[in-house]
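For reference, the structure discussed in these notes is given below.
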Amino acid sequence: MKTSLLAVLSSAVLLAGAPVSAQGGDAFVTAAQADLDGDGKPDAVALTVGADGKFTLKVGGATLKGDASGNEVTGFQVVDLDTGDKWKELLVQTLGELDDGHRYLLYGYDGKAVKPLGDVHALTEAKGNGIVLVDRWMGFWQKRDKYTLDRKAWKLVYVPQELYAVGVEATVKKSFPLAQGRTGSGVVATTAQGSKVQVLAASVPAKGEVQYLVKSSTGLLGWVREQVLVDSTDGLPLAG
């Protein structure tokens, strides 16, 4: 996937999901008028971009100094993550050299100060219900993370999952075992060369290799490490 493509897709999702009121429609801008704190009066919003990812965000009389850690800061959009409250949010787009380095920084304004809510890799789905879904490419599948907006704490809260849905099929080119668990050496099945397997879910540790829950052609479930799965199958939708 290319940088420009992700930026376009993210903007398109914003339009289809969370209500967007930034000037210029789906464009990221550096200045806008929007009622962010729900007092019925428009707030002047201005973004000034500095060097090495530094930027200044001004809302009304409040100022926040931001740092995108060397990413290119391209502008902001006004979004409404929760249409059930009176506030709207600012989404600042920052682009890294590669897709995996992109970050989208979210801010709120309570009428007195600009408050950082958190940052995400993308804003894949935000329908105005206080839930943000974020997709991240994992080589041959999309890892979907969930965040919820905690308005009392003025934070986006990450909701961890033990397993992530994968849902792809592959053909076994070299037989490999399916382990009974993510740890231990017990084997529940050995896949047959030429058979079809379904990759149902993934376990993504903070450190170490991803492991996949795989269903064999005989209907048995077991675990396999990512490198073994990739090396032993054909048909995974691998992409850079």
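Below, each value reflects all heavy atoms present in this structure, side chains not excepted, and no hydrogens, waters or symmetry copies. Please read all numbers here as calculations on a predicted model, not as lab measurements.
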With a 4.0 Å cut-off on N to O distance, would you call [X] and [Y] a salt bridge?
X	Y	result
K41	D43	no
K115	D110	yes
K54	E72	no
D150	K155	no

Considering all heavy atoms of both residues, which atom of [X] and which atom of [Y] are nearest to each other, and what is their separation?
X	Y	answer
F55	D67	CE2-N, 3.6 Å
I131	L133	CG2-CD2, 4.0 Å
A62	Y109	CB-CE1, 3.9 Å

State the [atom1]-[atom2] distance between [X] and [Y], to the nearest 0.5 angstrom.
X	Y	atom1	atom2	value
L163	L200	CG	CG	10.0 Å
H102	T94	NE2	OG1	8.5 Å
L47	Y107	CG	OH	9.0 Å
F28	Y104	CZ	OH	5.5 Å
R225	Y212	CZ	OH	12.5 Å
Y164	Q142	OH	CD	13.5 Å

Backbone N or O of [Y] within a donor-acceptor pair of the [X] side chain at under 3.5 Å?
X	Y	answer
T83	G128	yes
S195	A192	yes
D35	G40	yes

So, [X] and [Y]: side-chain donor and acceptor under 3.5 Å apart, yes or no?
X	Y	value
Q193	S175	no
T63	K58	no
K196	S217	no

(request) Go through the steps to decide whether N71 and L95 satisfy the test side-chain contact (heavy atoms from CB on, under 4.5 Å), and finish with yes or no. (result) CA-CA 5 Å; N71 277 13; L95 301 179; 5.7 Å; no
(request) Could you check Q211, Q161, R182 and say which one makes a side-chain hydrogen bond (donor to acceptor under 3.5 Å, both in side chains) with S203? (result) R182
